[in-house]
Amino acid sequence: MLRSSTICSFATRLLGLTIFISILVAVVFPSPQLSPPNTSETCVQPPLDNCSFYADCLETRYHCGPTGYPLGYGQKYCDAFQVARKTLSAEGQAWMVRTMHCLQLALVDDALGTGPNATRTCAALEDKAFGTHARCYVQSGVCRLPVEDWEAILEIVHFKTLFDSWDALKASLGAGTECLEFFVFLGKKTIDQW
Ligand SMILES: *[C@@H]1O[C@H](CO)[C@@H](O)[C@H](O)[C@H]1NC(C)=O
Ligand SMILES: *[C@@H]1O[C@H](CO)[C@@H](O)[C@H](O)[C@H]1NC(C)=O
């Protein structure tokens, strides 16, 4: 009798302590609130060759700040590609436009808060976005570009920024031989950097 009530009051105190700590954590480390989505045309159907999606559709909703994914990565490298466009071949420029578009389309659900996979935090958004990089690059045809374009692309965006890991990259390159040369090229570049 006595023991069970002791356990019971211990459990109550533990529960109280847990709630208290949760509230404390929430107060000290608030997670930024999501704003209502911007449902303008740019956010529903991001236009080709345009970087507005990051600031107007993602940052206005997530508020991740200057180093967060929308402004610190998405917008930054979207702008960098546009500025360095002339360093790419004609094929390379067409690839760039397709890739930038693919990366934005992959985050439309997040910008609009629609669909079961829409993220709700900056960290989750960043994870999801990095997970789309390799697929968008490969599907847009990076492996078929001339080696000069690969060099130019790596000047614009560094390998570590490009792909979160070799595993993600390998998964997207698939089993075919089409990307073998690109893979070897990246491998050499990575070794050179050390
Ligand atoms: C990108 O799209 C926005 C919104 O539709 C537009 O205001 C802007 O002029 C476009 N920027 C470029 C460089 O085309
Ligand atoms: C929504 O997106 C449009 C198009 O890019 C932009 O002009 C507008 O400022 C955005 N609205 C808000 C509230 O951010």
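Only heavy atoms go into these numbers, but all of them, side chains included; no hydrogens, no water, no symmetry mates. Nothing here was measured: the structure is a model prediction, and the numbers come from that model. Counting starts at 1 for both ligands and their atoms, following the listed order.
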Distances for all N or O pairs of ligand 1 and the protein under 3.5 Å?
{"residue": "ligand 1", "atom": "2 (O)", "partner": "Asn50", "partner atom": "OD1", "Å": "3.3"}
{"residue": "ligand 1", "atom": "2 (O)", "partner": "Asn50", "partner atom": "ND2", "Å": "2.3"}
{"residue": "ligand 1", "atom": "5 (O)", "partner": "Thr42", "partner atom": "OG1", "Å": "3.2"}
{"residue": "ligand 1", "atom": "11 (N)", "partner": "Asn50", "partner atom": "ND2", "Å": "3.0"}

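Residues meeting the side chain to side chain donor-acceptor pair (under 3.5 Å) test with Ser35, sequence neighbours left out: His63. Looking at residues two or more places apart in sequence or on another chain, you find a side chain to side chain contact (heavy atoms under 4.5 Å, CB included) between Pro47 and Thr42, Asn50. With sequence neighbours left out, the side chain to side chain contact (heavy atoms under 4.5 Å, CB included) criterion links Lys128 to Leu107, Asp110, Asn117, Thr119.
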Given the rule in the side-chain contact (heavy atoms from CB on, under 4.5 Å) test, do Phe130 and Glu126 qualify, once you have shown the distances and angles that lead to the verdict?
CA-CA 6 Å; Phe130 269 92; Glu126 180 171 333; 3.7 Å; yes
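Taking 4.5 Å as the limit, every side-chain heavy atom of Tyr54 sits out of range of all side-chain heavy atoms of Tyr73.
Checked by atom type and distance alone, the side chain of Gln93 pairs as donor or acceptor with a backbone atom of Leu88 at under 3.5 Å.
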